[in-house]
Amino acid sequence: MQVSKNKTTNNDGCLRESMQVDIKIRSSPQDFFNNNVQRPELDAEAAPTQYKKVRVIQGKAGRAGFVIRNTFPDYKRKFAVWDELEGYLADTYKNFQYQLFCFPKCEGGIVRWILAYEKKKQDDPEPTKELTDIVEFTHLSDNLIPKLH
């Protein structure tokens, strides 16, 4: 697994860091995106140890404007953003964001995950556990998709 890291300073002088990983999937990028953005309840089925329960906070899943853990999907570009800052993440980070991109690639596709975050203290750890979890979730979800179709 190749992980790239990036550090930038935003306009207010805060250090914003990110980690990126690309994962090959067998499913089509459209199926992967749809099943992970339009059908968020499948998160709990694909990765029950990471997600005990998924609930839609606002609107109807799969429709523009719905919110689940502050998700902002772009269906045309197959891009979604989850702003999360709860539990132990709130102890370590000022903000934490998962970004999902899905691209076609020969047979199947590529899922790109970017974890963007701002640490509370410079010596706080990088979110390597969250990156490992999202890679595992991607593989589990990719394996679940053929069973749904």
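- In terms of heavy-atom proximity, Ala90 sits nearest to Lys120 at O-NZ, 2.6 Å.
- In this structure, Glu130 and Ile134 have side chains that are not in contact, with every pair of non-hydrogen atoms separated by 4.5 Å or more.
- The aromatic rings of Phe79 and Phe101 lie tilted to each other, with the angle between the two planes from 30° to 60°.
- Lys24 places none of its side-chain heavy atoms less than 4.5 Å from the side chain of His139.
- With rounding to the nearest 0.5 angstrom, the CZ atom of Phe137 is 10.5 Å from the CG atom of Asp142.
- Separation of atoms CG (Leu89) and NZ (Lys94) is listed at 15.5 Å; rounding is to 0.5 Å.
- Paired with Leu100 under the rule side-chain contact (heavy atoms from CB on, under 4.5 Å), one option of Thr138, Val111, Ile114 passes, and it is Val111.
- Contact of the Thr92 side chain with the Pro125 side chain is registered, since non-hydrogen atoms from C-beta on lie closer than 4.5 Å.
- Here Asp22 contributes atom CG and Trp113 contributes atom CH2; the two are 12.5 Å apart, rounded to the nearest 0.5 Å.
- The distance from the CD atom of Glu136 to the CG atom of Leu131 is 12.0 Å, given to the nearest 0.5 Å.
- Leu15 and Met19 are members of different hydrophobic clusters when ILVMFWY side chains are connected at heavy-atom separations under 4.5 Å.
- Side-chain contact between Ile110 and Ile25: absent, with no pair of heavy atoms (C-beta onward) separated by less than 4.5 Å.
- Closest approach of Pro29 to Gly108, counting heavy atoms only: CD-O, 3.6 Å.
- Proximity of Val81 to Tyr98: side-chain heavy atoms (C-beta onward) are nowhere separated by under 4.5 Å.
- Expressed to the nearest 0.5 Å, how far CG of Asn143 lies from CZ of Arg26 amounts to 4.5 Å.
- Closest approach of Arg16 to Gln97, counting heavy atoms only: NH2-OE1, 3.8 Å.
- Between Phe96 and Tyr117, the ring planes lie parallel to each other; the angle is under 30°, not in the 30° to 60° tilted range.
- One finds no salt bridge joining Lys5 and Glu17 here, because no Lys/Arg side-chain nitrogen approaches an Asp/Glu carboxylate oxygen to under 4.0 Å.
- Within the model, atoms CZ of Arg77 and SG of Cys102 stand 12.5 Å from one another, a figure rounded to the nearest 0.5 Å.
- Closest heavy-atom contact between Tyr93 and Glu126: OH-C, 3.6 Å.
- Judged by distance alone, with hydrogens and angles left aside, the side-chain atoms of Asp124 form a donor-acceptor pair with the main-chain N or O of Lys121 at under 3.5 Å.
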Checklist entry - When you look at Leu144 and Leu140, which way does the side-chain contact (heavy atoms from CB on, under 4.5 Å) test go after all the steps? => result CA-CA 6 Å; Leu144 181 64; Leu140 291 168; over 6 Å; no

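- Asp74 has no carboxylate O lying under 4.0 Å from a charged side-chain N of Lys78, or vice versa, which leaves the two without a salt bridge.
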